[in-house]
Amino acid sequence: MPQIKKKGAQSDFFGDVYEVVRLIPKGRVTSYGAIAHYLGLKSSARMVGWAMHTCPKGVPAHRVVNSAGMLSGKHAFKTPTTMELLLKKEGVKVQNDKIQRFKDIFWDPAKELEL
DNA sequence: CTGATGACGTGTG
DNA sequence: ACACACGCCATCA
């Protein structure tokens with residue numbers, strides 16, 4: 001098949017990811033798997049991470065972490081501390097590159113948006 | 001067009 | 001409980 005991909009035509013999946021991430025309330029966080037599952041790609045959490053890597057401005061990617069609540073993508077920011085700093089600024093307790101009380105501030109799109 | 005890579009998640013040993 | 005391997009889909013070289 002002739003890879004008929006339009007230049008810069010990111011799949012709607014990406015746009016959807018950005019939309020969900022943008023809807024994350026301040027002081028809350030979610031995981032790649034949750035977003036992937038919400039979009040139907042339950043097993044493709046990797047793609048979510050990739051979407052974050054290519055995240056356009058306006059997308060609080062710092063509110064998205066892995067299932068362990070660890071700031072795995074902090075290296076994608078200008079400085080490795082930007083992500084942690086932003087989270088702390090929003091009231092999220094972060095220590096050792098890990099979100100404290102992660103389970104408590106976890107924001108599940110499939111649940112919150114469905115409500 | 002093929003191959004390799006990547007902000008992850010889940011299952012098995 | 002910890003360590004390793006596979007799956008998943010899109011982008012880059």
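Lettering of chains follows the sequences in order, A, B, ..., and the numbering in each one begins at 1.
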>> Regarding A:Glu112 and A:Arg28, does a basic nitrogen lie under 4.0 Å from an acidic carboxylate oxygen?
In response: no

>> Any salt bridge linking A:Lys111 with A:Asp108? Criterion: basic side-chain nitrogen under 4.0 Å from a carboxylate oxygen.
In response: no

> From A:Lys98 NZ over to A:Met70 CE, what is the distance, rounded to the nearest 0.5 angstrom?
Replying inline: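 Spacing of NZ (A:Lys98) from CE (A:Met70) equals 8.0 Å.
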
>> As an exercise, state the distance from CE of A:Met47 to NE2 of A:His53, rounded to the nearest 0.5 Å.
In response: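 So the gap between those two atoms works out to 11.0 Å.
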
Looking at the side chain of [X], which of [options] is the nearest nucleotide?
X	options	value
A:Met52	C:dC8, B:dG9, B:dA7	B:dA7
A:Leu41	C:dC9, B:dA7, B:dG9	C:dC9
A:Ala45	B:dA7, C:dC8, B:dG9	B:dG9
A:Trp50	B:dG9, C:dC9, B:dG6	B:dG6
A:Met83	B:dG9, B:dA7, C:dA10	B:dA7

> Any side-chain donor paired with an acceptor under 3.5 Å for A:His62 and A:Glu84?
Replying inline: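 Note: A:His62 and A:Glu84 side chains miss the donor-acceptor criterion.
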
> Can A:Tyr32 and A:Ser44 be counted as having a side-chain donor-acceptor contact under 3.5 angstrom?
Replying inline: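 No, no side-chain donor-acceptor contact under 3.5 Å.
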
>> Regarding A:Ala36, tell me which of base, sugar-phosphate or nothing describes its non-hydrogen contacts under 4.0 Å with the strands shown.
In response: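 No contact at all - A:Ala36 keeps every heavy atom at 4.0 Å or more from the nucleic acid.
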
Can you measure [X] atom [atom1] to [N] atom [atom2] for me and round it to whole angstrom units?
X	N	atom1	atom2	result
A:Ile35	C:dC9	CD1	P	17 Å
A:His53	C:dC9	NE2	C1'	16 Å
A:His37	C:dC9	NE2	C1'	17 Å
A:Tyr32	C:dC9	OH	C1'	17 Å
A:Met70	B:dG9	CE	C1'	13 Å
A:Lys78	B:dA7	NZ	P	20 Å
A:Asp108	B:dG9	CG	P	13 Å

> Which atom pair, heavy atoms only, marks the closest approach of A:Ile105 to A:Gly27?
Replying inline: CB-O, 3.8 Å

> What would the secondary structure line of DNA chain C be in dot-bracket form, counting Watson-Crick and G-U wobble pairs under 3.5 Å, with [ ] for pairs that cross earlier ones and | for pairs with another strand?
Replying inline: .||||||.|||||

> Nearest nucleotide by nearest heavy atom, which residue falls closer to the 5' end of DNA chain B, A:Lys42 or A:Met47?
Replying inline: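 Taking each residue's closest nucleotide, the earlier one in sequence belongs to A:Met47.
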
> Quick one: is B:dG9 close enough that its OP1 or OP2 comes under 4.0 Å of any side-chain N or O from A:Ser43?
Replying inline: no

